[in-house]
Protein chains: 2
Amino acid sequence: MAERSQRGGHSGVSIEDVAAAAGVSTATVSRAVRGLPRVSPATREKILEVAGALGYVASSSASGLATGRTKTIGVLAPFVSRWFFSKAIEGADRELHARHYNLSLFNLGGHGSNRERLFSKTMVYKQIDALLVLCMALTTDELEHLQKIDIPLIVVGGHVEECAYIGIDDYAASSTAVRHLIELGHRDIALLHGDDETDLNFDVPRVRILAFKDVMAGAGLATRPEWDEWGDFTVRSGQEAFRRLWARPGPKPTAIFCASDEMAMGVIFEAARAGVRVPEDLSVVGIDDHDFADAVGLTTVGQRPDEQAELATKMLLDELDGMVGAVQSAVAPHELIVRRTTAPPPS
Amino acid sequence: MAERSQRGGHSGVSIEDVAAAAGVSTATVSRAVRGLPRVSPATREKILEVAGALGYVASSSASGLATGRTKTIGVLAPFVSRWFFSKAIEGADRELHARHYNLSLFNLGGHGSNRERLFSKTMVYKQIDALLVLCMALTTDELEHLQKIDIPLIVVGGHVEECAYIGIDDYAASSTAVRHLIELGHRDIALLHGDDETDLNFDVPRVRILAFKDVMAGAGLATRPEWDEWGDFTVRSGQEAFRRLWARPGPKPTAIFCASDEMAMGVIFEAARAGVRVPEDLSVVGIDDHDFADAVGLTTVGQRPDEQAELATKMLLDELDGMVGAVQSAVAPHELIVRRTTAPPPS
DNA sequence: GTGAAAGCGCTAACAC
DNA sequence: GTGTTAGCGCTTTCAC
């Protein structure tokens with residue numbers, strides 16, 4: 001089609017060019033470059049040398065067509081610039097890189113819009129050997145599509161019906177955070193929970209709320225509806241929640257449990273601005289151990305999305321390598337990290 | 001190879017299956033599903049219906065092999081979890097998504113290690129139709145590889161010799177930030193500059209330093225070597241720089257110009273911890289307009305990596321669509337955003 | 001240990 | 001408008 005450039009040696013040099021130059025057949029070149037057995041050391045060396053000189057790189061389309069494998073796995077994410085997801089992507093990439101797979105990124109871009117394209121149409125199917133879906137709210141329709149995909153699939157960070165998933169025990173992690181506050185002596189604890197749109201399948205926020213309520217009830221503490229704030233996991237929503245909480249007349253909580261570090265930091269920044277001292281006047285605890293948490297001194301329950309995604313990816317790849325049953329659910333560790341935003345309540 | 005599942009209809013249904021079921025040739029199916037002309041409305045409808053029922057999706061390997069296009073572009077990034085890069089990736093994705101291209105992510109993962117694999121080996125070549133490289137330090141060896149790639153290429157956020165690139169005018173942006181400080185009345189201004197490993201090709205830090213020195217000199221202000229701190233664009237390095245600055249005996253600056261928001265925030269967090277008030281005792285200005293900048297009240301020179309990458313991607317795709325000369329350098333806008341971390345120096 | 005040849009599933013001329 | 005027919009560049013039996 002396009003004229004082949006001969007100089008230098010990149011562009012369209014095919015296996016046939018290498019075979020010709022090395023005086024062997026394409027079959028032998030194929031074996032040699034892939035490191036397969038049944039090639040004599042001498043020919044192998046010769047071929048590799050010629051291939052290198054010519055700048056030969058196998059066409060992924062051609063080998064994909066021949067083998068039925070694309071050597072790339074898809075990563076589905078609702079955002080890439082939020083902490084959890086960007087870390088998870090990095091983790092997945094580490095494993096893929098190490099095992100010579102490519103990573104194809106599918107960004108769903110929040111709710112609504114033209115999301116469905118991904119699932120039904122040209123994208124996902126037939127381009128990837130396996131799919132890693134990162135924690136997010138899925139519509140039932142999207143779920144259905146996912147279910148009928150016949151490639152290895154695993155989800156990280158959120159429970160999706162009937163799919164293998166990896167993530168922390170959100171109930172336990174949240175309980176730990178709330179218990180930390182109670183042990184410090186707090187009785188008036190506010191809740192800043194995450195998104196909970198009911199038409200979407202996304203358990204994480206629900207579970208964290210539930211844990212909060214259970215632990216509070218278990219400790220004989222009251223939860224006040226007016227201290228139950230809502231956020232969407234962003235810093236901004238944390239700021240707004242703080243403002244609403246403090247604008248409201250009546251008593252103030254001495255502590256606040258935030259369902260994510262980004263929201264917790266929003267609360268902290270806004271508290272500072274309002275002259276509310278953390279932790280003297282208000283204790284704040286989050287979940288995640290965000291990159292900024294240490295710098296801010298945020299007490300939190302840490303998790304490692306990169307390691308979760310790395311493990312999930314490993315399972316996917318193992319399954320592709322023939323290890324049936326390699327893909328399976330697992331619970332990832334979490335850990336309370338006490339820093340400087342929690343303290344006993346003012347006396 | 002694997003047995004074809006007939007039920008439901010996903011998996012390996014080929015164009016031939018659709019052709020047979022619709023009673024037409026594969027060529028017609030090909031035209032129909034791609035929305036090409038020269039297909040009667042009736043047959044087209046019939047084919048689309050059959051294809052839908054069978055769950056037909058074209059094999060990207062096969063069409064890639066036939067057309068020589070993979071319909072995916074590669075995005076090369078040194079990190080994915082840092083603000084600039086994650087935003088840029090989102091921007092690139094928007095354009096790619098809109099134009100039905102896939103995004104293949106290549107994470108170089110910092111310096112050293114096994115980076116070179118990407119350039120020389122199986123990855124980049126032959127798997128993508130164009131390459132978007134995100135601002136980073138490249139070794140001369142890597143540059144050389146890039147140079148000889150014969151696919152459309154553009155870099156975002158940093159100047160790379162002989163390549164089209166899109167990014168802000170770093171000199172002007174830095175000058176703006178420093179001038180803002182000077183106009184506020186500051187004379188004792190410290191510099192927190194970024195990485196500057198000399199074996200790598202990465203102009204951004206150098207240019208920002210240069211601008212700082214030029215503007216200071218232009219205003220007749222002295223720059224002190226002991227107020228020249230170094231960081232690597234992370235929050236942590238900003239914290240450490242502040243600590244070093246304040247631990248040193250002698251006079252303290254009244255303002256600090258940071259080459260990135262993340263470092264600026266590190267300075268702010270650490271200053272708060274040390275009881276140094278911002279902006280009363282110390283003014284801080286950054287560059288970027290990071291997601292957290294507004295919440296923290298950080299004065300900064302904003303830029304939009306997502307829009308830069310989106311534009312760059314558009315150029316790449318236009319070039320692939322036959323618009324020769326579509327890929328060309330462009331300078332992206334920046335804007336001073338005055339918030340609450342800068343004020344006149346203490347009198 | 002090596003080669004010949006038959007595909008993999010699609011696209012693109014070119015006929016009709 | 002639609003069908004026929006070559007490939008695209010690789011992998012993979014199966015002979016030798």
Side-chain angles (χ1 to χ4, degrees), chain A residues 1-4 9-48 50-51 54-72 122 125-129, chain B residues 1-4 10-48 50-51 54-72 122 125-127 129:
Chain A
M1 199 152 283
E3 42 178 333
R4 306 262 177 91
H10 25 295
S11 172
V13 352
S14 78
I15 199 173
E16 216 151 344
D17 300 333
V18 178
V24 295
S25 72
T26 62
T28 305
V29 174
S30 181
R31 293 185 197 108
V33 297
R34 287 182 300 156
L36 261 37
R38 313 183 118 249
V39 179
S40 79
T43 31
R44 179 185 306 275
E45 187 182 2
K46 171 82 181 267
I47 290 172
L48 258 26
V50 170
L54 261 42
Y56 169 71
V57 177
S59 150
S60 57
S61 295
S63 68
L65 182 54
T67 60
R69 306 298 208 101
T70 61
K71 277 278 208 175
T72 104
T122 132
Y125 302 95
K126 300 267 191 78
Q127 315 225 31
I128 57 181
D129 296 337
Chain B
M1 199 153 282
E3 40 178 334
R4 306 263 175 90
H10 25 294
S11 171
V13 351
S14 79
I15 198 174
E16 217 152 343
D17 300 333
V18 178
V24 296
S25 73
T26 62
T28 305
V29 174
S30 181
R31 292 184 198 109
V33 298
R34 287 183 298 156
L36 261 39
R38 313 185 120 248
V39 179
S40 78
T43 33
R44 180 186 304 276
E45 187 182 3
K46 170 81 182 266
I47 290 172
L48 259 26
V50 171
L54 261 43
Y56 170 71
V57 176
S59 151
S60 56
S61 296
S63 68
L65 182 54
T67 61
R69 307 296 209 104
T70 60
K71 276 280 208 174
T72 103
T122 132
Y125 302 94
K126 301 266 192 78
Q127 316 225 29
D129 297 337

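Labels below follow one simple rule: chain letters A, B, ... track the order of the sequence lines, proteins then strands, and each chain is numbered from 1. No experiment lies behind these values; they were computed from the predicted model shown.
- Rotation axes derived from the C1' atoms of the five outermost pairs at either end of the helix from C/dG1-D/dC16 to C/dC16-D/dG1 lie 30° apart, to the nearest 10°.
- Nearest heavy-atom pair across A/Val13 and A/Tyr56 is O-CD1, 3.3 Å.
- Between the C1' atom of C/dC10 and the CG atom of A/Leu65 lies a distance of 8 Å, rounded to the nearest Å.
- Just one residue in the list B/Ser59, B/Ser60, B/Ser61 forms a side chain to side chain contact (heavy atoms under 4.5 Å, CB included) with A/Gln127, and that residue is B/Ser60.
- Tested against A/Val29 for a side chain to side chain contact (heavy atoms under 4.5 Å, CB included), the candidates A/Ile47, A/Leu48, A/Val39, A/Val50 yield a single pass: A/Ile47.
- Panel note: side chain B/Arg31, backbone B/Arg44; no donor-acceptor pair is recorded below 3.5 Å.
- C/dT11 atom C1' lies 14 Å from atom CZ of B/Arg69, rounded to whole Å.
- Of all the residues in residues 34-48 of chain B, B/Arg38, B/Val39, B/Ser40, B/Thr43 reach under 4.0 Å from DNA chain D with at least one non-hydrogen atom.
- The OH-C1' distance, from A/Tyr56 to D/dT11, rounds to 10 Å in whole Å.
- B/Thr26 places no side-chain N or O within donor-acceptor distance of the main-chain N or O of B/Ala19, the cut-off being under 3.5 Å.
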Any protein N or O atoms within reach of nucleotides 3-6 of chain D? Criterion: under 3.5 Å, listing atom names and distances.
{"from": "D/dG3", "atom 1": "OP2", "to": "B/Ser25", "atom 2": "N", "distance (Å)": "2.9"}
{"from": "D/dG3", "atom 1": "OP2", "to": "B/Ser25", "atom 2": "OG", "distance (Å)": "3.2"}
{"from": "D/dG3", "atom 1": "OP2", "to": "B/Thr28", "atom 2": "OG1", "distance (Å)": "2.7"}
{"from": "D/dG3", "atom 1": "O6", "to": "B/Arg31", "atom 2": "NH2", "distance (Å)": "2.5"}

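- Residue A/Leu36 holds its CG atom at 11.0 Å from OG1 of A/Thr28, rounded to the nearest 0.5 Å.
- Taking OG1 of B/Thr70 as the reference point, atom CG of B/Asp129 lies at 3.5 Å (rounded to 0.5 Å).
- Here D/dT11 is the nucleotide among D/dT11, C/dA12, C/dC10 with the atom lying nearest to any side-chain atom of A/Ser30.
- The distance between atom CD of A/Gln127 and atom P of C/dC8, rounded to the nearest whole Å, is 21 Å.
- Annotation for A/Thr43 and A/Val24: closest pair CG2-CG1, 4.4 Å, computed over non-hydrogen atoms.
- Distance, B/Asp129 CG to D/dC8 P: 19 Å, rounded to whole Å.
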